[in-house]
Amino acid sequence: MELRNFGPTGRRVAVIGQGTWQMESQPRAAAAALRRGIELGMTHIDTAEMYGSGRVEEIVAKAISGRRDALYLVSKVLPQNASRTGTVAACEASLRRLGTDRLDLYLLHWPGRHPLEGTIEAFERLRRDGKIRAWGVSNFDVNELERALRIAGPGKIACNQVLYHLEERAIEHRIVPWCEAHGVAVVAYSPLGQGDFPAPRSAGGRVLAALAESYTATPRQIALAFLIRRPSHFAIPKSRHLAHVAENAGAFRAKLDAAAIAKIEEAFPLGRKRSLPML
Ligand code: NAP
């Protein structure tokens, strides 16, 4: 697996990681898939207190048992819990469910009603106490990123985790340039469109199939390779199937050249400038 510098954290992190949303419905398959992914180097594990109301963090705990030190473990606080004291309590509850004493990264899941000053103060306190190594945000548009930067100062926001797949490239207009200018990692969530992947016979599907053939890869590997084509980018596909996990893990090998990138950009146009979409 390829490792990359993750924003300002000084950590080298797997460019393809593993998502865990909605994994609570098949806990055994989910834990087995996560373990397989870890063996294949997908050591960047993304979870959240929201997922299955905490049950997914318990599944993750089983999957990572005995392997904690090899991981880049990420969880998220829900906006409604993200007050100064609520953030600390939520993090401690996540740590208990995950069976670990620290998170590598803790994110605000999306902007909410609690003042960001309090959330960031709690993040900094958790960091000083060794309960998290770094913190970041998710679903933040540029105005919200600006606000977080004004409050925290430079070099503190590790990443912005955002919706990004071939048919949803809105972040490329303003968020990616902002993150790159400020040394913030960009983590693509739902990178396979939540399973709604271009059909093989669609125009876009045919472009992906042709590129897959020339790169000895699969269309999904080409799609993931496109999403991580910039050094600031990471992706966290989710799968409960061992074969899919292996396919996703192999995506980093397809090093797309400029011509391949241009073909994908033409088949899946950027679209107009608009505010940040989220799931
Ligand atoms: P996704 O990873 O884009 O797609 C998951 C779907 O794709 C599943 O149905 C999975 O089915 C299928 N799939 C995965 N690999 C495949 C492969 N190689 N071949 C065929 N099908 C494949 O969607 P996601 O779960 O929404 O996003 C990924 C992660 O991002 C989440 O799990 C979560 O951790 C994070 N996320 C964060 C936010 C946020 O607000 N911060 C929002 C959404 C998601 P199988 O299980 O059958 O493989």
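As a basis for the values below, the full set of heavy atoms in this structure was taken, side chains included, without hydrogen atoms, waters or symmetry mates. Just follow the structure's listing: the first ligand is 1, and inside any ligand the first atom is 1.
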A.B. asks: Would Arg55 and Glu58 pass as an ion pair if we require N to O under 4.0 Å?
C.D. replies: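 Result for this pair is no, no salt bridge flagged.
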A.B. asks: Quick one: side-chain contact (heavy atoms from CB on, under 4.5 Å) partners of Ala93, sequence neighbours excluded?
C.D. replies: Arg96, Arg97
A.B. asks: Under a strict 4.0 Å criterion on non-hydrogen atoms, which protein residues are in contact with ligand 1?
C.D. replies: Gly19, Thr20, Trp21, Asp46, Tyr51, Lys76, His109, Ser138, Asn139, Gln161, Tyr189, Ser190, Pro191, Leu192, Gly193, Gln194, Gly195, Arg220, Ile236, Pro237, Lys238, Ser239, Arg240, His241, His244, Glu247, Asn248, Leu279
A.B. asks: Taking only residues two or more places apart in sequence or in another chain, which ones pass side-chain hydrogen bond (donor to acceptor under 3.5 Å, both in side chains) with Arg67?
C.D. replies: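 Scan of Arg67 (side-chain hydrogen bond (donor to acceptor under 3.5 Å, both in side chains), adjacent residues dropped) gives none.
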A.B. asks: Taking only residues two or more places apart in sequence, or in another chain, which ones meet Ser214 in a side-chain hydrogen bond (donor to acceptor under 3.5 Å, both in side chains)?
C.D. replies: none
A.B. asks: If you compare all heavy atoms of Asp141 against all heavy atoms of Leu276, which two are closest, and at what distance to 0.1 Å?
C.D. replies: OD2-N, 2.8 Å
A.B. asks: If the threshold is 4.0 Å, N to carboxylate O, is there a salt bridge linking Asp101 and Arg133?
C.D. replies: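 Looking at Arg133 together with Asp101, the answer is no, because their closest N to O distance does not fall below 4.0 Å.
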